[in-house]
Participant: 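Take a look at this one; I'll ask things after.
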Amino acid sequence: MKIYGDSNSGNCLKVKWVCDKLALPYQWIEIDTRKGETRTPQFLKMNGAGQVPTVAFGDGRTLAQSNAIIRYLARDSALVPRDAFTVAKMDEWLFWEQYSHEPYIAVCRFLMVYLGKDASELDPEKVKRGYAALDRMEQHLSSSRFFAGDEVSLADVSLLAYTRLAHEGAFDLGRYASVRRWIGEVEAFLGLPPAR
C-alpha cells in the first residue's frame with residue numbers, strides 16, 4: 001500500500017496514524033501540494049480531484065478522502081466500535097469533522113502557518129465558527145471520555161488531527177479543559193508526542 005500524502009496535513013496524518021496504530025505496512029510518498037504535485041497527469045489518474053491523502057493498493061485500486069480511507073483501513077479493528085448505534089455516532093462525528101470543524105480550524109492554521117498571515121488577517125467568521133466547533137467538542141467531552149463510546153475510535157483520530165494544532169491557527173485552547181485532557185489521552189493512545 002502506498003500513501004500519497006503531505007506530512008504537514010492533518011488529513012494525511014490521520015491515515016498514517018491509523019496504519020501505525022494497526023501495524024499496517026505502507027510506503028509513504030511525500031507530496032508537495034504547493035508545488036502542484038497533485039495536479040500532474042499521473043496523480044490525477046489516481047485521484048481526479050487532485051487531493052491528498054490518496055492511497056494506492058497493490059491491486060491497482062485507489063481510495064481518497066481521509067475519513068473514507070481510515071474507515072476502510074480500520075474496518076475490522078477496535079478503532080471501529082462493535083455496536084451499530086455507536087458506529088453511527090462515530091460516523092456522525094466523522095462527517096461533522098469535515099463539515100463543521102476542519103474548514104475553520106484547519107483553514108486558519110493553513111493561512112497562518114503556510115501563507116504567513118497574522119491572526120488579525122483571519123476571516124472573523126472562520127474564527128467564530130472554529131470556536132463554535134471547539135465549544136461543541138468541549139460540551140461533549142465534559143461528560144464523555146471520547147467521541148463515540150468508551151474507547152478511542154476513528155472519530156477521535158479524525159478530530160485530533162487539527163484540534164491538537166488549533167493554536168497554530170490562533171485558537172486558544174486555554175478555556176477547553178476537557179478538550180485538552182482528551183488531546184493528551186488520544187495522543188498517548190496513538191503514541192504521538194504532545195503537540196507543541
Side-chain angles (χ1 to χ4, degrees), residues 4-18 31-34 38 47 49-54 64-71 79 88-148 152-187 189-190 192-196:
Y4 295 83
D6 176 346
S7 57
N8 294 310
S9 162
N11 284 324
C12 295
L13 289 175
K14 292 178 207 178
V15 177
K16 181 183 186 318
W17 295 341
V18 166
I31 298 293
D32 190 333
T33 58
R34 291 175 291 158
T38 59
N47 180 343
Q51 297 173 327
V52 289
T54 297
Q65 295 300 318
S66 60
N67 288 342
I69 294 167
I70 64 174
R71 193 73 168 78
L79 290 173
K89 293 304 282 184
M90 178 190 79
D91 287 338
E92 177 184 314
W93 284 107
L94 289 173
F95 292 123
W96 180 83
E97 183 264 344
Q98 284 293 290
Y99 187 75
S100 299
H101 178 283
E102 190 264 358
Y104 312 110
I105 305 286
V107 169
C108 288
R109 176 182 177 258
F110 177 83
L111 292 170
M112 291 184 66
V113 173
Y114 300 103
L115 300 186
K117 302 280 185 187
D118 186 75
S120 65
E121 299 175 88
L122 296 175
D123 178 348
E125 185 63 22
K126 286 198 185 316
V127 173
K128 177 183 171 187
R129 293 186 73 173
Y131 275 115
L134 292 169
D135 289 343
R136 179 157 190 241
M137 293 174 70
E138 180 69 17
Q139 179 184 21
H140 178 83
L141 292 168
S142 68
S143 61
S144 300
R145 187 170 173 199
F146 301 111
F147 280 97
V152 173
S153 75
L154 292 178
D156 300 288
V157 175
S158 185
L159 282 160
L160 179 69
Y162 287 111
T163 305
R164 73 193 291 257
L165 300 175
H167 61 281
E168 293 181 359
F171 292 97
D172 180 4
L173 295 179
R175 70 179 195 235
Y176 297 105
S178 297
V179 170
R180 292 192 323 274
R181 182 255 325 144
W182 166 83
I183 288 171
E185 285 191 49
V186 181
E187 285 175 336
F189 174 83
L190 294 171
L192 302 175
R196 298 175 201 232

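Throughout, residue positions are numbered sequentially from 1 according to the sequence presented.
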Participant: Say whether, by atom type as modelled, one donor and one acceptor occur between the side chain of T163 and the main chain of L159 under 3.5 angstrom.
Facilitator: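 The answer is yes, because a donor-acceptor pair under 3.5 Å joins these two groups.
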Participant: Among all residues two or more places apart in sequence or in another chain, which pass the side chain to side chain donor-acceptor pair (under 3.5 Å) test with S178?
Facilitator: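 With neighbours one apart ignored, the set is E138.
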Participant: Do the side chains of Y162 and S9 get nearer than 4.5 Å, heavy atoms only?
Facilitator: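 Sidechains of Y162 and S9: in contact.
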Participant: Suppose we screen for side chain to side chain donor-acceptor pair (under 3.5 Å). Which residues come up paired with D172, at least two apart in sequence or across chains?
Facilitator: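 For D172 there are no side chain to side chain donor-acceptor pair (under 3.5 Å) partners, ignoring immediate neighbours.
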Participant: What residues, two or more places apart in sequence or in another chain, satisfy side-chain contact (heavy atoms from CB on, under 4.5 Å) together with S7?
Facilitator: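 Here the qualifying residues are W28, E30.
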Participant: Between V113 and L165, is any pair of side-chain heavy atoms under 4.5 Å apart?
Facilitator: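 A side-chain contact under 4.5 Å is absent here.
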Participant: I'd like to check the side chain to side chain donor-acceptor pair (under 3.5 Å) partners of S66; sequence neighbours left out, ordered by chain and number.
Facilitator: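 By the side chain to side chain donor-acceptor pair (under 3.5 Å) rule, S66 matches N11, K14.
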Participant: How would you list, by chain and number, every residue that makes a side-chain contact (heavy atoms from CB on, under 4.5 Å) with E187, sequence neighbours excluded?
Facilitator: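 In terms of side-chain contact (heavy atoms from CB on, under 4.5 Å), with neighbours along the sequence ignored, E187 is linked to L160, R164, I183, L192, P194, A195.
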Participant: Any salt bridge (charged side-chain N to carboxylate O under 4.0 Å, His left out) pairs touching residues 121-135, not counting sequence neighbours?
Facilitator: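 Applying salt bridge (charged side-chain N to carboxylate O under 4.0 Å, His left out) to every pair that reaches into residues 121-135, excluding sequence neighbours, yields D135-R175.
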Participant: Answer yes or no: is there a side-chain heavy-atom contact under 4.5 Å between L154 and N67?
Facilitator: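 A side-chain contact under 4.5 Å is absent here.
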Participant: Could you tell me if the side chain of L122 sits less than 4.5 Å from the side chain of L111, heavy atoms only?
Facilitator: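 When only atoms from C-beta onward are counted, L122 and L111 do touch, with a gap below 4.5 Å.
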Participant: Please tell me if the side chains of V15 and Y4 come closer than 4.5 Å, counting only heavy atoms from C-beta onward.
Facilitator: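 When only atoms from C-beta onward are counted, Y4 and V15 do not touch, as no gap falls below 4.5 Å.
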Participant: Looking at residues at least two apart in the chain, or sitting in another chain, which of them share a side chain to side chain donor-acceptor pair (under 3.5 Å) with K89?
Facilitator: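 K89 satisfies side chain to side chain donor-acceptor pair (under 3.5 Å) with E92 only.
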Participant: Heavy atoms, side chains only, cut-off 4.5 Å: are E97 and L94 in contact?
Facilitator: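 No, side chains not in contact.
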Participant: Hey, could you give me each pair passing ring pair (Phe, Tyr, Trp, His ring centres under 6.0 Å) that has a residue in residues 115-148? Not counting sequence neighbours.
Facilitator: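 Found W93-H140, W93-F147, Y131-F171, H140-F147, F147-W182.
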Participant: Does any donor atom in the side chain of Q65 or Q51 lie under 3.5 Å from an acceptor atom in the other side chain?
Facilitator: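 A pair is found: one side chain offers a donor N or O, the other an acceptor, under 3.5 Å apart.
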Participant: Apply salt bridge (charged side-chain N to carboxylate O under 4.0 Å, His left out) to D6 and list each qualifying residue two or more places apart in sequence or on a separate chain.
Facilitator: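 By the salt bridge (charged side-chain N to carboxylate O under 4.0 Å, His left out) rule, D6 matches no residue at all.
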Participant: Could you tell me which residues satisfy salt bridge (charged side-chain N to carboxylate O under 4.0 Å, His left out) with R181, sequence neighbours excluded, listed by chain and number?
Facilitator: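 Checked R181 against salt bridge (charged side-chain N to carboxylate O under 4.0 Å, His left out); matches are E185.
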Participant: Among all residues two or more places apart in sequence or in another chain, which pass the side-chain contact (heavy atoms from CB on, under 4.5 Å) test with Y114?
Facilitator: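 Per chain and number, Y114 pairs via side-chain contact (heavy atoms from CB on, under 4.5 Å) with N8, R34, R109, F110.
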